[in-house]
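Reviewing the structure listed below.
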Amino acid sequence: MIVLGADIGGTSMRVALYDHDTERGRAAGRGEAMRPGRGGGIAAALAAHARPLLARAGIARADCFVIGAAGAGGDAERRELEQAVASERLAWQVRVTTDAELARAAAFLGEPGVLLIAGTGSIAIALDDEGRIIRRGGLGWRMGDEGSAYQIAVAALHAVGRMHDRLGPPTHLAEHLPVAAGVVGIGSLIRWSTTATVADVAALTPAVIATADSGDEVAASIIQRGVEQLVTLAASAGAGSLPVALSGGLLAPGRPLRSRVEHLIASRLRVAISGGAIDPCRGAPVLGRERH
């Protein structure tokens, strides 16, 4: 079976071509989250990457195109993108799911397990022993994303604000966050925070982790709370009775919170972490076979 797979995040897009489970080619470019009215533009970008892969492999049309897209959690968004991609005639069948579901399929190759993802946002997604999909978190920066880079950085900004108003303890975050934000002093940090994007705020998290590692008690408590929130998220999706894998900017191999989360999952849930780095596109052949 010939399968096209696409992993679409808010900043990057990856498209891969598979002949059964063997990768035949790959392309990458700029991504964007799926939003109402954007299906046509995303489909055109996918086609620009996929057509050369098909041509080089001598394939007119794939059997299935499996797309994991950020922002595609709603039925309306999925239908819009499916219809837009179908109109490009790249594959006989099109399946749109979330980027988290695609990564989960890649992590466990269709077997039961919990994938915990933490980057700018956070989510735990699982397939249980009865074949049910379980999702916890992923509600966005206003309503959830516990333990994410954004929420960790917000907690650090709050700590600096409380120190500034003499409502909280002193912390070296007051020195390190302005530097990370590219400004000078707490006053400038306050002004910066009023216009900073979610991505801008999330980008402060490495400075929070470094401050915690230097012995700052306030920063350390923020990081510990974030780690505990992530482990709670994983547990609520079935971690412990199911194997666990980690992914995302905070949890992928070599990333700053992975060892802390691994340790707490091992001690609290009595389960080891499965595998290493996860390539979400490899979930496309798995989900493609389910489609057929």
Side-chain angles (χ1 to χ4, degrees), residues 1-34 39-73 77-115 117 125-127 131 133 243 245-248 252-253 274-292:
M1 185 171 66
I2 305 299
V3 177
L4 280 165
D7 173 33
I8 307 174
T11 58
S12 64
M13 171 187 296
R14 289 168 289 275
V15 180
L17 178 66
Y18 296 93
D19 183 348
H20 292 84
D21 290 324
T22 301
E23 185 173 319
R24 297 283 299 276
R26 181 174 291 233
R30 183 177 178 180
E32 65 170 297
M34 177 60 194
I42 294 175
L46 287 170
H49 294 307
R51 282 203 177 93
L53 295 178
L54 292 168
R56 284 196 293 271
I59 298 167
R61 191 182 298 192
D63 294 305
C64 189
F65 197 166
V66 180
I67 300 156
E77 289 80 5
R78 282 197 298 271
R79 284 195 299 269
E80 179 186 334
L81 187 53
E82 281 181 351
Q83 291 169 3
V85 173
S87 70
E88 296 285 350
R89 300 181 180 277
L90 300 164
W92 294 105
Q93 293 185 15
V94 177
R95 176 178 179 178
V96 173
T97 186
T98 65
D99 52 343
E101 171 61 12
L102 186 69
R104 183 209 59 77
F108 298 101
L109 299 179
E111 296 299 316
V114 179
L115 177 62
I117 305 173
I125 183 165
L127 177 71
I133 298 294
L246 306 178
S247 186
S274 302
I278 296 168
D279 175 7
C281 283
R282 298 210 69 86
V286 176
L287 297 180
R289 284 192 292 272
E290 292 176 2
R291 187 77 170 192
H292 285 69

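Below, each value reflects all heavy atoms present in this structure, side chains not excepted, and no hydrogens, waters or symmetry copies.
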Quiz prompt | Listed partners of Arg51 passing salt bridge (Lys or Arg N to Asp or Glu O under 4.0 Å), at least two apart | solution = Glu88
Quiz item: Among all residues two or more places apart in sequence or in another chain, which pass the salt bridge (Lys or Arg N to Asp or Glu O under 4.0 Å) test with Glu80?
Solution: none
Side chain to side chain, [X] and [Y], heavy atoms closer than 4.5 Å:
X	Y	answer
Met34	Ile8	no
Arg61	Leu54	no
Phe108	Leu127	no
Leu46	Leu4	no

Which heavy-atom pair separates [X] from [Y] by the least distance, and what is that distance?
X	Y	answer
Pro285	Asp21	CB-OD1, 3.4 Å
Ile117	Ala103	CD1-CB, 4.4 Å
Pro280	Ala106	O-CB, 3.8 Å
Pro243	Ser274	CB-OG, 3.6 Å
Val15	Ala6	CG2-CB, 4.1 Å
Leu81	Ala69	CD2-CB, 4.1 Å

I'd like to check the side-chain contact (heavy atoms from CB on, under 4.5 Å) partners of [X]; sequence neighbours left out, ordered by chain and number.
X	value
Arg78	Ala72, Asp75, Val96
Pro52	Arg56
Ala57	Leu17, Arg24, Ile59
Ala126	Val114, Ile134, Ala237, Leu242

Quiz prompt | Counterpart residues, side-chain hydrogen bond (donor to acceptor under 3.5 Å, both in side chains), relative to Glu23 (two or more places apart) | solution = Arg26
Quiz item: Who are the side-chain hydrogen bond (donor to acceptor under 3.5 Å, both in side chains) partners of Glu77, not counting sequence neighbours?
Solution: none
Output the distance between atom [atom1] ([X]) and atom [atom2] ([Y]), rounded to the nearest 0.5 Å.
X	Y	atom1	atom2	answer
His20	Arg289	NE2	CZ	8.5 Å
Cys64	Ile2	SG	CD1	12.0 Å
Asp279	Leu102	CG	CG	8.5 Å

Quiz item: salt bridge (Lys or Arg N to Asp or Glu O under 4.0 Å): which pairs involve residues 1-17, sequence neighbours left out?
Solution: Asp7-Arg14
Practice problem: Just grab all the side-chain hydrogen bond (donor to acceptor under 3.5 Å, both in side chains) pairs involving residues 98-113, residues at least two apart or on different chains. | Solution: Glu101-Arg104
